[in-house]
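In this text, all values refer to a predicted model and were calculated from it rather than measured experimentally.
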Amino acid sequence: MSEKNNTYKAQSRKRKKKKSNPKKVLLGCLIAIFAVGIIIFAVDNMIGNMFNKGEKIPEDIRTAEEVKDDVVNILVCGLDQEEGRSTYMSDVIVYITMDVKEKTIKALQIPRDTFVGSPSKSGKINGVYSGGKEKDGIMNVIKTLNERFGLSVDHYVTLDMEAFISVVDGIEGGLQMYVPYPVINKDKKTGKEETIIKEAGWYYVNGQTAEAIVRNRNYGGSDLQRLEVQSYFYASVIKYFKDIGLSDTIKLMPRFTPYLTTDMHWSRMASLAATAMNISYENMVIIKPGVRGVIAGGINVLEIPEDEWLEIINKHFRPYQKPVEKLNIDPLKDNITQDYGETPISVTNIGELLGKAG
């Protein structure tokens with residue numbers, strides 16, 4: 001075959017090649033984008049429906065616009081409706097400041113018996129949840145923290161106490177936890193005592209035992225010692241989740257999301273969790289503020305030393321913002337009939353807690 005014929009056939013093949021239709025290509029791209037959009041929507045909807053979506057926080061309570069990329073403030077509340085109670089109370093109140101810029105997390109444990117006054121009927125902060133005017137109880141707590149202490153709140157998470165049981169029961173073999181004191185459960189009706197933990201030490205605990213340890217009210221120092229025990233619980237949980245990593249942590253989400261309400265989108269929660277995973281134990285600080293235990297009007301309450309609380313708030317929980325100059329706490333109306341004295345501030349980090357546990 002001649003070279004001329006070969007050239008002719010090659011050119012013929014080129015002429016026979018179909019040209020792409022721009023309209024069909026565009027249509028194909030649109031179909032692909034639409035399909036991906038449906039998948040994303042379905043996944044987003046599925047994950048979003050795993051937990052309860054709460055009310056959005058007003059802008060004036062959130063962190064100032066100019067520093068919102070550097071710091072995130074989150075309120076975490078454990079809600080409880082014990083036998084005999086007609087309403088929920090926020091018996092666990094932890095205010096968390098995540099300094100993204102400096103890679104630190106600081107948690108303020110606010111004792112449930114802390115006296116703030118209204119809108120709580122008892123004056124205690126744990127009664128604010130159900131005592132305020134807001135329909136959504138967590139908004140009562142958020143506004144009280146903002147108005148009384150000058151604390152900004154960007155996001156919140158509330159957990160029914162059943163979540164403690166479910167999460168721990170999802171850990172194969174139980175949660176390895178250090179318990180600093182013996183735990184004795186006392187039945188309110190019969191007065192019968194049951195020893196749950198005989199002596200301080202490391203234990204593998206299931207959900208029911210973990211709940212009994214965290215909520216026990218028979219520690220020597222009552223509310224304040226319970227906060228110390230809760231600190232060890234937090235340290236144990238954080239260590240477990242950091243050890244297993246973010247992907248396995250996400251797998252445990254379905255165990256506690258039914259008991260969870262938050263204003264955050266799931267992607268925001270995942271982003272904050274990923275940031276937290278990369279923060280060292282030494283930069284995860286837990287602060288238990290100093291208080292003064294008194295009986296006023298026949299009620300046990302914890303009075304706030306204003307100067308000390310102002311120093312804690314301004315130093316640890318308002319980075320990059322103007323300091324709060326005064327707290328807005330109602331004075332005790334009733335005479336103090338008994339004074340138990342002041343308990344000093346406690347500042348520790350997760351690394352120290354794990355180190356003390358040994």
Side-chain angles (χ1 to χ4, degrees), residues 71 73-78 89-99 104-117 120 122-129 141-153 156 180-181 214-215 217 219-235 283-296 299-319 321-332 336 339-350 352-353 356:
V71 63
N73 295 301
I74 305 166
L75 175 64
V76 179
C77 285
M89 286 189 172
S90 50
D91 279 350
V92 175
I93 304 172
V94 183
Y95 179 83
I96 299 170
T97 293
M98 179 184 288
D99 190 330
T104 65
I105 292 176
K106 294 181 179 180
L108 177 66
Q109 289 181 291
I110 302 177
R112 70 192 192 100
D113 289 340
T114 301
F115 185 84
V116 293
S120 171
S122 66
K124 299 179 182 181
I125 197 167
N126 72 331
V128 169
Y129 183 88
V141 184
I142 289 170
K143 289 186 175 181
T144 297
L145 290 178
N146 184 253
E147 293 167 4
R148 303 293 194 182
F149 302 105
L151 293 171
S152 302
V153 183
Y156 64 85
Y181 304 106
V214 170
R215 296 178 61 187
R217 295 185 182 171
Y219 298 117
S222 187
D223 201 29
L224 299 176
Q225 271 195 340
R226 185 165 58 249
L227 290 185
E228 183 183 353
V229 173
Q230 288 172 4
S231 295
Y232 281 101
F233 175 76
Y234 302 147
N283 284 332
M284 294 182 175
V285 178
I286 298 178
I287 299 172
K288 183 176 67 177
V291 287
R292 176 182 171 221
V294 299
I295 295 180
I299 301 175
N300 286 287
V301 296
L302 298 174
E303 195 177 26
I304 294 172
E306 183 172 12
D307 290 343
E308 185 178 295
W309 276 59
L310 280 171
E311 184 179 354
I312 291 170
I313 289 169
N314 290 324
K315 181 179 178 181
H316 299 285
F317 299 97
R318 285 184 62 85
Q321 298 177 71
K322 291 181 180 179
V324 177
E325 296 180 357
K326 184 175 176 58
L327 300 183
N328 186 24
I329 305 298
D330 289 346
L332 285 169
I336 295 173
D339 189 335
Y340 297 108
E342 292 189 7
T343 303
I345 180 177
S346 168
V347 180
T348 187
N349 62 61
I350 299 299
E352 289 173 341
L353 286 171
K356 286 178 184 177

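Partner of I110 under the side chain to side chain contact (heavy atoms under 4.5 Å, CB included) criterion, chosen from L302, N126, I125, V291: I125. A side chain to side chain contact (heavy atoms under 4.5 Å, CB included) with K106 is found for one member of D99, I312, V285 and no other, namely V285. Remark: of the listed residues V324, L310, V116, V116 is the sole one forming a side chain to side chain contact (heavy atoms under 4.5 Å, CB included) with F149.
In this structure the side chain of I286 reaches within 4.5 angstrom of the side chain of Q109, judged on heavy atoms. In this structure, the side chains of I105 and I350 stay at 4.5 Å or more apart for every pair of heavy atoms. Looking at E308 and I345, their side chains come closer than 4.5 Å, going by heavy atoms from C-beta outward. Looking at T348 and S231, their side chains never come closer than 4.5 Å, going by heavy atoms from C-beta outward. You'll find the side chain of T97 reaches within 4.5 Å of the side chain of Y95, heavy atoms only. Considering only heavy atoms from C-beta on, N349 stays 4.5 Å or farther from M284 through its side chain. Two residues are said to be in side-chain contact when any heavy atoms from C-beta on lie closer than 4.5 Å; I93 and R112 fail this criterion. Annotation: side chain of V128 is not in contact with side chain of S90 (no heavy-atom distance under 4.5 Å).
Of the inter-residue distances, the one linking R226 atom CZ with R215 atom CZ reads 9.5 Å to the nearest 0.5 angstrom. The distance from the CD1 atom of I329 to the CH2 atom of W309 is 7.5 Å, given to the nearest 0.5 Å. Here M98 contributes atom CE and I74 contributes atom CD1; the two are 5.5 Å apart, rounded to the nearest 0.5 Å.
Crowding of E306 atom CD: a count of heavy atoms from other residues, nucleotides or ligands under 6.0 Å exceeding 12.
Across all non-hydrogen atoms, the minimal contact from F115 to I304 is O-CD1, 4.0 Å. What you find for D339 and R292 is that their closest heavy atoms are OD2-NH2, 2.6 Å. What you find for P323 and N314 is that their closest heavy atoms are CA-OD1, 3.2 Å. Closest non-hydrogen pair, Y232 versus P180, comes out as CD1-CG, 3.7 Å.
A donor-acceptor contact shorter than 3.5 Å is absent between the side chain of E303 and the backbone of V294. Side-chain N or O atoms of Q230 include one that pairs as donor or acceptor with a backbone N or O of V214 at under 3.5 Å.
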Test side chain to side chain contact (heavy atoms under 4.5 Å, CB included) applied to L353 and Y234, step by step: CA-CA 10 Å; L353 286 171; Y234 302 147; over 6 Å; no
E228 and S346: CA distance, side-chain angles, deciding distance, side chain to side chain contact (heavy atoms under 4.5 Å, CB included) verdict: CA-CA 9 Å; E228 183 183 353; S346 168; over 6 Å; no
CA sep, side-chain torsions, deciding dist, call: V153, N73, side chain to side chain contact (heavy atoms under 4.5 Å, CB included): CA-CA 5 Å; V153 183; N73 295 301; 5.5 Å; no
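Shown here are the salt bridge (Lys or Arg N to Asp or Glu O under 4.0 Å) partners of K124, two or more places apart in sequence or in another chain: D113.
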Solution key, residues 141-148 side-chain donor-acceptor pairs under 3.5 Å, sequence neighbours excluded:
residue	atom	partner	partner atom	Å
K143	NZ	E134	OE2	2.7
T144	OG1	N140	O	2.7
N146	ND2	L151	O	3.1
R148	NH1	N328	O	2.8
R148	NH1	D330	OD1	3.0
R148	NH2	S118	O	2.6
R148	NH2	S118	OG	3.1
R148	NH2	D330	OD2	3.2

